[in-house]
Amino acid sequence: MLRRPRRNRKSAVIRDMVEETRLSVKDFIFPLFLIDGVNQKVEVASMPGIYRFSTDLLLREVEECLNMGIKAFDIFPAYPESKKDKYATESYNPDTFYLKAIREVKRQYPEACVMTDVAMDPYSSDGHDGLVEDGKILNDETLAILGKMTLAQASAGADIIGPSDMMDGRVGYLRSLLDENGFKEVSIMSYTAKYASAFYNPFRDALDSAPKSGDKKTYQMDPANLKEALMEAELDVGEGADFLMVKPALAYLDVIKLLRDNFDLPISAYNVSGEYSMIKAADDKGWLDGQRAMLESLLAIKRAGANIILSYFAKEFALLQKA
Ligand code: PBG
């Protein structure tokens, strides 16, 4: 046999040399959940190891992560029902705790890259990403609200805004609004191909943001569709997105690869809450080795073509690298 592929697997040193994909802490954006109050750190029941922090403790968490090499954070707020309304008004109240926390993170840690979420669901009494009228999600009317939210987040110091709402035309709309208001430097990471997925449930627990009626299928994509992701990506590129995101990640590696092969923008992938919780639950039951399953999953996402990974495992990964 002239070709014996096993020769390149015979020692750890050689295996390391021939490794085609390598993960680095620099690949990650760490999603963090924020709540109002002081000195609060509440574990999300369906996401062991993941907490909802009040601003003071979120700042400590950011500092700890920065010291481990995680430099980018996607911050999501959880609002009590009393702050929610039909128009998501709280999302652009300059004194709301979410915007104040973003200001504070940027003031104390200017080197941290802060991404914010643009969608109505955490603030909406209907629990939808857009404005609901007679059971329908209104597209263009929602854009105006997303616009106010975006400007408020940009004013608070967001480096990247992440429209996760899936309304048509929002990237172009938000890009011009940002430019007209002096925020030319604020980037847009578009949730380009965001699928209507069963894997978001633990996140909705974390934020108490599940839809009050219906589902998200009239705006999030059908898991059956691949070509549609190409169309969404073309639109986002044309509308000025800086990054294209695929979400969820693990059941959509083909979508990551497709966008990687067809577009020159950086591709990010959101390793979502359910993907995290499944591994944690199986590990807890002793059915698999959670750490190895985590590393294998993250590697697969990068191998498929993602330059950037949003993952609840980011900190755990960074801790392992340090060890
Ligand atoms: C809402 C939003 C969701 C996630 C990020 N932004 C949930 C949804 O669309 O219902 C999910 C993230 C996760 O599951 O980790 N705009």
Side-chain angles (χ1 to χ4, degrees), residues 28-34 44-52 73-79 84 88 90-91 98 115-132 137 139 142-143 145-146 149-150 153 158 160-167 170-171 174 188-223 232 243 245-252 268-281 294 297-298 301 306 308-315:
F28 289 95
I29 298 178
F30 190 28
L32 293 171
F33 299 125
L34 178 76
V44 179
S46 48
M47 302 178 75
I50 296 296
Y51 301 86
R52 318 204 284 187
F73 306 89
D74 190 1
I75 306 176
F76 294 92
Y79 278 90
K84 301 182 184 183
E90 187 65 12
S91 65
Y98 181 51
M115 174 165 163
T116 52
D117 194 59
V118 174
M120 287 175 63
D121 53 334
Y123 323 91
S124 151
S125 44
D126 293 302
H128 273 286
D129 294 20
L131 181 60
V132 185
I137 313 296
N139 195 88
T142 298
L143 296 186
I145 298 169
L146 300 179
M149 196 182 299
T150 293
Q153 294 173 359
I160 304 176
I161 59 141
S164 66
D165 55 285
M166 288 303 277
M167 295 302 120
R170 90 269 204 220
V171 172
L174 299 176
I188 300 181
M189 182 177 290
S190 177
Y191 285 63
T192 296
K194 177 173 179 180
Y195 288 88
S197 170
F199 294 104
Y200 306 149
N201 275 28
F203 174 96
R204 294 177 190 171
D205 287 347
L207 298 196
D208 289 319
S209 63
K212 300 284 162 55
S213 67
D215 52 40
K216 299 195 174 184
K217 290 182 185 167
T218 69
Y219 45 107
Q220 299 181 349
M221 287 173 55
D222 183 340
E232 285 283 4
F243 311 85
M245 190 203 289
V246 174
K247 177 182 178 187
L250 290 171
Y252 299 86
S268 63
Y270 201 139
N271 178 214
V272 299
S273 55
E275 298 173 330
Y276 174 86
S277 302
M278 284 195 301
I279 289 180
K280 288 291 171 190
M294 163 184 85
S297 303
L298 295 171
I301 296 167
I308 302 164
I309 306 173
L310 292 96
S311 178
Y312 303 96
F313 285 122
K315 191 178 174 191

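The basis for the numbers below is simple: all heavy atoms, side chains too, and nothing from hydrogens, waters or symmetry mates. Indexing begins at 1, ligand by ligand and atom by atom, following the structure's order.
- Taking the ring axis of Tyr200 as reference, the NZ or CZ atom of Lys194 stays within 45° of it and closer than 6.0 Å to the ring centre.
- Inclusion of Tyr191 in the set of residues having an N or O under 3.5 Å from an N or O of ligand 1 is not warranted.
- Note on ligand 1: Glu275 sits outside its first shell, no heavy atom being nearer than 4.0 Å.
- Counting heavy atoms from C-beta on, the side chains of Ile137 and Val132 come closer than 4.5 Å.
- Ring orientation note: the planes of Phe76 and Phe33 are tilted relative to one another, at an angle of 30° to 60°.
- When only non-hydrogen protein atoms are considered, atom 8 (C) of ligand 1 lies nearest to Lys216 NZ, 3.3 Å.
- Note: no N/O pair closer than 3.5 Å links Asp165 and ligand 1 by distance alone.
- Of the protein's non-hydrogen atoms, the one nearest atom 16 (N) of ligand 1 is Ser164 OG, 2.7 Å.
- In terms of heavy-atom proximity, Ser91 sits nearest to Met149 at OG-CE, 3.4 Å.
- Under 4.0 angstrom from ligand 1, there are no non-hydrogen atoms of Tyr276.
- One distance of note links CG of Leu298 with CD1 of Ile309; it measures 5.5 Å at 0.5 Å rounding.
- Interface of Asp129 with ligand 1, defined as ligand atoms under 4.0 Å from a residue heavy atom, comprises 1 (C), 16 (N).
- Of all the listed residues (Asp121, Leu310, Val118), Asp121 holds the heavy atom that lies closest to atom 1 (C) of ligand 1.
- Between Asp121 and Lys216 the shortest heavy-atom distance is OD2-NZ, 3.5 Å.
- Closest approach of Glu90 and Tyr123 over heavy atoms only: C-CD2, 4.2 Å.
- Close approach of ligand 1 to Tyr270 is summarised as follows: ligand atoms under 4.0 Å from at least one heavy atom of the residue are 12 (C), 15 (O).
- The protein heavy atom nearest to atom 5 (C) of ligand 1 is Lys247 NZ, 2.6 Å.
- Nearest-residue assignment for atom 2 (C) of ligand 1 (options Met120, Lys194, Gln220, Arg204; heavy-atom criterion): Lys194.
- Residues Ser124 and Lys84 are not in side-chain contact: their nearest non-hydrogen atoms beyond the backbone lie 4.5 Å or more apart.
- In this structure, Tyr312 counts as a contact residue of ligand 1, since one of its heavy atoms falls inside 4.0 Å of the ligand.
- Every atom of ligand 1 is numbered from 1 in the order shown, and the set under 4.0 Å from a heavy atom of Ala119 is 16 (N).
- Residue, atom and distance of the protein heavy atom nearest to atom 14 (O) of ligand 1 are Ser273 OG, 2.7 Å.
- In this structure, Phe313 has its ring center at least 6.0 angstrom away from the ring center of Phe28.
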